[in-house]
Amino acid sequence: MQVKVAKSAGFCFGVQRAVDTVYEQVEKGMRPIYTYGPIIHNEVVVQDLEEKGVQVLNSQEELEGLTEGTVIIRSHGVGKEIYDLIQRKGLHCVDATCPFVKKIHRTVERESQAGKQIIIIGNDKHPEVEGIKGWCSTPAVVLESPEQAENFKMLKAVPLCVVSQTTFNYKKFQDLVEILDKKRYDRSVVNTICNATEERQAEARQIAGEVDAMIVIGGSHSSNTQKLFEICRNECKNTYYIQTVHDLNLGVLRSTGLIGITAGASTPKKIIEEVQTRCLN
Ligand code: SF4
């Protein structure tokens with residue numbers, strides 16, 4: 001059995017930075033420490049941090065209930081109202097929003113204030129999209145499917161500013177922009193898809209096309225891992241989605257010649273290495 005691991009598998013720059021930020025705060029002895037939402041979509045890392053005293057805030061109400069401590073904003077970012085709330089409560093804010101997401105916040109803030117209608121290509125329920133919406137001075141429109149783009153109608157002659165969730169599929173993004181283009185609105189498009197995602201997706205597609213079986217590692221709630229899985233399964237029917245080495249079914253893989261491995265942006269290197277080692281032994 002041979003194994004090929006994608007070079008782009010695992011933590012991207014923004015996630016690495018956010019996780020490092022939390023460990024730095026732990027080392028500094030800041031107490032109590034909270035992250036606004038799990039720092040990454042990976043139960044193993046979140047549990048390790050919990051053991052070190054880092055608590056996860058699951059809602060705005062939980063944040064409102066705090067009277068002291070440090071609140072860390074994760075790489076997905078949050079809307080302006082959350083920063084305002086942290087400040088109002090007199091809490092210490094440590095902002096680990098990925099700079100690429102921050103750039104989208106600045107763009108939509110500026111363009112919506114200039115009177116443009118913001119269109120976000122992405123998943124309306126994703127926390128990153130929630131955060132982006134929270135920087136628009138007028139309500140943003142979120143489009144995820146071709147049907148939604150076809151049905152979209154501007155009631156007023158206002159120019160559009162189109163941005164994307166950083167982890168959105170590039171090809172789908174282009175398709176939706178093309179649909180909007182047919183409507184001939186005055187529009188500007190800012191491709192805010194992160195290179196880390198594009199590179200990971202392209203490499204996953206390439207490896208999945210070469211191997212007999214493909215393993216995609218990531219948390220069950222991680223949307224970028226789910227997208228990687230879709231891409232790999234299109235290329236290779238024997239694609240398996242696992243969270244840790246314990247989910248690996250070696251019985252199924254044993255008869256396989258070449259195995260490919262990739263992992264979502266929230267998967268620690270340690271887990272990737274464990275899966276690789278297990279496949280080889
Ligand atoms: Fe930042 Fe890109 Fe990672 Fe998102 S995928 S956190 S934008 S580096």
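Just so you know, ligand 1 is whichever comes first in the structure, and atom 1 is the first atom listed for that ligand.
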- Query: Under the side chain to side chain contact (heavy atoms under 4.5 Å, CB included) test, which residues partner Glu198, sequence neighbours left out?
  - Reply: Tyr170, Asn191, Ile193, Asn195
- Task: Could you tell me the residue and atom name of the protein heavy atom closest to atom 8 (S) of ligand 1, and the distance to it rounded to 0.1 Å?
- Result: Gly14 N, 3.4 Å
- Going by an N to O cut-off under 4.0 Å, is there a salt bridge joining Glu24 and Lys28? no
- Provide the number and element of each atom of ligand 1 under 4.0 Å from a heavy atom of Cys194. 2 (Fe), 5 (S), 7 (S), 8 (S)
- Query: Which residues pass the ring-ring contact (aromatic ring centres under 6.0 Å, His included) test with Phe13, sequence neighbours left out?
  - Reply: Phe100
- Message: Which of the numbered atoms in ligand 1 are under 4.0 angstrom from any heavy atom belonging to Phe100?
- Response: 1 (Fe), 2 (Fe), 7 (S), 8 (S)
- Query: Under 6.0 Å between the ring centres of Tyr241 and Phe229?
  - Reply: yes
- Query: Does any N, O or S atom in Cys12 come within less than 2.8 Å of atom 3 (Fe) of ligand 1?
  - Reply: yes
- Item | Selected option - heavy-atom contact closest to atom 6 (S) of ligand 1, from Ala18, Cys98, Ala196 | Cys98
- Basic-acidic side-chain contact under 4.0 Å: Glu130, Lys133: yes
- Note on the structure: Looking only at protein heavy atoms, what sits closest to atom 4 (Fe) of ligand 1 is Thr166 OG1, 3.6 Å
